[in-house]
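Start at 1 and go down the list; that is how both ligands and their atoms are numbered.
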Amino acid sequence: MTEERAYLDGRAVAIEAGETILSAARRLGIEIPTLCFDARLAPHGTCRVCLVEVAGAERPHAACHTPLLAGMRVHTQSARVVELRDRVRALQLGATRPGPVDDSHPYLRIDPGACIACGACVAACDQIPGRSVYAIAGRGSHSHLVHGPGDQLAASRCVGCGACVDACPTGAITDRDRACAAPVERTTRSVCGYCGVGCEVEVRATADRVLSISGILGAPVSRGNLCIKGRYAHAYQSSAERLTEPLLRRGADFEPVGWDEAISWLGERLATIHRESGPGALAALASSRSTNEACYLLQKLFRVQLGTNNIDCCARVCHSSTAAALRITTGTAAASACFDDIERAGLIVVAGANPTEAHPVVGARILQAARRGAVLVVIDPRRTELAELADVQLQLRAGTNVALLTGIARALLDSGRVDQEYLRDRTEGLEDLRVMLQDVSVADVAAICGVDPAELERVATLLGAGAPGLFVSGLGLSELSQGVDSVIALANLAMLTGSIGRVGAGMLPLRGQNNVQGSADMGAMPDMITGYQPVTDPAVRDRAAAVWGSAPPATPGMTVTEMTAAASRGELRALWAQGEDLAQSDPYQERVLAGLRRLDLLVVQDSFMSETARFAHLVLPAAGALEQDGTFTNGERRVQRVRAAVSAPGQARPDWEAVRDVALAMGADWGYETAADVMDEVARVAPQLYGGVCFDRLDVGGLQWPCPTLDHPGSPRMHEGGFARGRGRLVPVAYIPSPEADLAEHPYRLMTGRVLDHYNVGTMTRRTPNQTLAPVDWLEMSAADAAREGIGDRETVTVQSRWGSIEAPVRISERVAEGSLFLTFHQPETHTNRLVGPGVDPTSKCPEYKLVGVRIIRRPAV
Ligand code: SF4
Ligand code: SF4
């Protein structure tokens with residue numbers, strides 16, 4: 001095939017696929033000025049500053065959106081175009097319309113006097129977050145930017161992603177945090193410390209203070225974009241409330257002590273309790289906010305030095321059900337797909353997840369994929385933003401996932417539109433599933449779930465026609481007494497449609513915390529050491545002993561809920577909580593608080609005096625995500641480098657260093673000097689997943705496990721050549737109503753969850769201007785329920801479950817159906833988790849946060 005060529009300023013250029021005149025010029029190093037062009041967006045050619053001449057054409061062309069064609073001869077610097085560009089620029093800069101500055105938003109500022117109405121922000125807001133906040137009103141010289149009611153950005157649909165700031169070529173839209181007077185002393189590439197999406201960030205800072213954060217163009221996950229938390233919510237880092245020195249309890253008070261005293265005191269206390277009560281009296285919780293290296297060393301300290309498998313992490317209270325279900329069905333406790341599959345998918349099913357709020361960068365990618373034509377099915381008790389865009393939403397009753405998903409499986413099998421070849425060649429268990437589904441009727445299921453049977457049938461039709469599909473799931477599936485079965489039922493659908501291990505398809509659970517995948521990978525689990533290797537397997541223990549010097553104990557330890565229960569009975573005496581704020585985030589708070597009070601030793605590593613730290617005997621000040629070196633592993637198994645962008649305040653230190661020093665104080669011969677040394681050992685303990693991972697290979701974009709050897713490129717997708725367990729397993733699961741669904745005394749089904757502006761228990765986001773955007777928790781209630789209860793919008797009510805009660809203001813909302821309520825959990829004053837009971841999934845031990853039976857009590861009129 002002959003190469004197709006064009007000529008730019010007389011230089012021959014081979015045409016690449018999708019090339020424009022501008023992209024070819026940039027490739028050749030030819031400079032063409034631009035204003036409204038943004039590499040993240042479809043070029044719109046509005047500003048006309050990139051005009052070029054094309055031989056044979058009468059009019060000049062905008063280089064940014066004119067395709068480069070074979071034989072084309074382009075002149076980029078002719079006197080005519082240079083003069084034209086100058087005139088265009090002069091016209092545009094003269095066409096601005098001074099007006100009042102809009103600084104209603106805590107993070108963005110809009111100055112109409114600098115706006116040339118080029119439309120770059122319109123395109124950015126449409127094509128990145130998909131919010132369509134801006135429009136150009138008027139025509140010609142009267143055209144001008146409008147945004148939000150009364151031109152108040154704070155009152156618009158803006159989600160504070162900052163994409164418009166990056167797109168604006170004139171500085172009309174700016175970041176308010178860039179106005180800080182301090183000069184930038186260093187710029188560091190790292191990873192966002194909020195959610196499990198794992199967006200790469202560029203941090204500008206002084207030696208000890210973060211000034212501003214941007215996305216990185218070309219970063220594999222975020223592609224230059226961030227959400228409001230990753231981009232703007234960094235003020236917590238320099239908060240005056242940061243912990244800056246170790247604090248040792250003396251009676252009712254804490255006394256600041258040096259690290260040496262803190263470490264030797266802690267080493268002695270652990271040794272004493274170990275000697276007096278044995279290893280079973282000690283336990284630890286690794287932090288999914290902290291690095292892989294910190295999690296790895298904490299589990300090693302407890303397994304090797306203290307001889308107990310009593311180690312767990314917050315994955316237990318979020319996606320442990322997902323992990324267990326995927327291990328059963330596929331052989332690997334992680335996503336089979338990757339985020340890039342979103343753009344390749346023709347069919348996306350989002351079940352029990354609200355990604356535009358909880359995982360905004362991925363949520364925006366799903367939203368844009370649906371806009372471009374991917375079929376979108378949403379299964380959720382709430383009418384989320386994605387549900388509004390979906391081809392079908394099944395707005396089921398909370399906790400009825402298993403019934404609904406088996407009903408869809410029945411309809412799919414009845415339709416015959418399953419992937420017979422895939423099922424025959426790659427899976428097992430189809431007959432068992434088929435037998436079980438004989439007792440399932442679509443009509444019964446629809447009645448249990450409160451959905452229209454025709455809509456359920458329609459979803460089955462869409463799945464059959466659109467397969468393979470990408471199955472995105474969240475905590476709405478996992479955090480239930482049938483969490484494991486819910487995810488198994490979703491995996492059954494994925495296998496019936498031949499989706500797992502295919503491009504643009506598979507299972508994609510969205511992980512909550514920045515390093516929750518990594519904390520489980522590292523072995524912060526009571527039954528598995530690093531790399532998901534069971535402690536009960538003698539060969540695993542032998543291999544671990546070869547690296548660690550001694551083997552971990554063979555008996556699995558306690559999960560987090562078992563730890564607090566054992567503490568409340570006086571059976572657990574010592575708990576090391578790395579980052580975990582149990583006193584806010586865990587269920588059945590009555591038992592948690594009783595357990596924390598009864599402990600003889602509670603050690604808390606945290607950046608702030610958390611609710612849990614108030615019970616501690618020793619508090620160790622922790623460096624934050626932007627203050628340390630190490631790695632995080634995101635929800636698509638991508639191990640990425642975290643780098644210290646600023647120094648930690650006072651004596652705060654990375655968690656892994658404190659763990660190492662305690663181990664050394666207890667006689668261990670640990671020689672780690674850097675976080676990289678720790679990762680080198682992880683690679684030896686878990687070679688099948690992390691064998692090829694080392695800091696030198698993680699410079700840009702990281703590596704996705706499995707990455708078994710140093711020359712392995714990593715694995716964006718799993719199970720492509722066959723399932724990790726051999727054959728994918730279809731498992732019959734049957735719906736069992738939760739005790740929380742008994743509505744006799746507690747007639748509402750309550751779900752708890754997050755909003756965009758906050759992160760989990762708000763330790764970080766409450767200490768940023770995000771708090772002004774969402775200053776309180778609230779209870780969403782349907783208009784019909786509010787009218788029946790006689791409750792007005794914004795009225796504060798008491799929410800009472802079988803386990804406790806709290807107060808919250810009501811927001812009358814179309815997002816919840818009649819009989820359903822949704823309550824956020826970010827503010828310690830609300831203490832939402834007092835409502836959540838001891839119910840857990842029997843396999844994963846994941847608590848039931850997503851279904852709590854409650855009643856509503858109005859306050860007596862004063
Ligand atoms: S910050 Fe994001 S959502 Fe808000 S106006 Fe700009 S692009 Fe749109
Ligand atoms: S989507 Fe998640 S990782 Fe990305 S910027 Fe937002 S919080 Fe950070």
Side-chain angles (χ1 to χ4, degrees), residues 38 40-41 102 104-110 119-135 145-148 151-168 172-177 190-203 213-216 219-234 289 339 353-368 385 510-517 625-626 632-636 638 640 642 702 754-760 764-765 768 770 773:
D38 185 322
R40 299 169 303 167
L41 309 173
D102 175 7
S104 59
H105 194 281
Y107 294 123
L108 291 100
R109 180 179 186 276
I110 303 179
C121 60
V122 181
C125 193
D126 282 351
Q127 294 177 34
I128 296 170
R131 303 301 290 181
S132 306
V133 165
Y134 299 107
L145 186 68
V146 290
H147 58 278
D151 268 4
Q152 292 285 295
L153 192 64
S156 74
R157 300 175 69 237
C158 173
V159 289
C161 69
C164 54
V165 177
D166 292 338
C168 175
I173 309 173
T174 46
D175 290 322
R176 293 177 70 173
D177 64 357
S190 192
V191 178
C192 174
Y194 282 107
C195 86
V197 171
C199 299
E200 279 190 271
V201 291
E202 185 175 272
V203 185
I213 297 177
S214 304
I216 294 177
V221 174
S222 43
R223 303 166 170 190
N225 305 316
L226 295 175
C227 77
I228 189 168
K229 294 182 282 271
R231 182 176 177 112
Y232 294 117
H234 55 75
R289 319 289 301 139
F339 295 142
N354 181 14
T356 56
E357 294 205 63
H359 305 84
V361 166
V362 157
R365 286 175 67 174
I366 295 172
L367 180 151
Q368 297 294 358
E385 187 183 3
L510 299 176
R511 308 305 304 256
Q513 308 220 40
N514 54 327
N515 197 36
V516 66
Q517 179 72 53
L626 301 174
F632 293 156
T633 305
N634 80 352
E636 54 168 6
R638 188 183 295 275
Q640 301 190 97
V642 180
R754 291 187 209 164
V755 293
L756 169 74
D757 301 310
H758 280 300
Y759 195 75
N760 281 8
M764 292 146 76
T765 48
T768 72
N770 283 34
L773 292 166

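- A salt bridge links Glu385 and Arg131; the closest N-O separation between the charged side-chain nitrogens and carboxylate oxygens is under 4.0 Å.
- Not counting sequence neighbours, the partners of Ala172 by the side chain to side chain contact (heavy atoms under 4.5 Å, CB included) test are Ala114, Cys115, Cys168, Thr170.
- A side-chain contact (heavy atoms from CB on, under 4.5 Å) with Ile173 is found for exactly one of Asp166, Leu153, Val165, namely Val165.
- Here 1 is the count of protein N, O or S atoms positioned under 2.8 Å from atom 8 (Fe) of ligand 2, waters not counted.
- No side-chain heavy atom of Thr768 sits under 4.5 Å from any side-chain heavy atom of Tyr232.
- For atom 6 (Fe) of ligand 1, the count of nearby protein N, O or S atoms, meaning those under 2.8 Å away, is 1.
- Tyr107 has its side chain out of reach of Arg176: every pair of non-hydrogen atoms, C-beta onward, lies at least 4.5 Å apart.
- No side-chain heavy atom of Tyr194 sits less than 4.5 Å from a side-chain heavy atom of Asn760.
- The shortest distance between side-chain heavy atoms of Ile366 and Pro355 falls below 4.5 Å.
- With sequence neighbours left out, Asp126 forms a salt bridge (charged side-chain N to carboxylate O under 4.0 Å, His left out) with no residue at all.
- Annotation: the span from Cys125 atom SG to Leu41 atom CG amounts to 10.5 Å, rounded to 0.5 Å.
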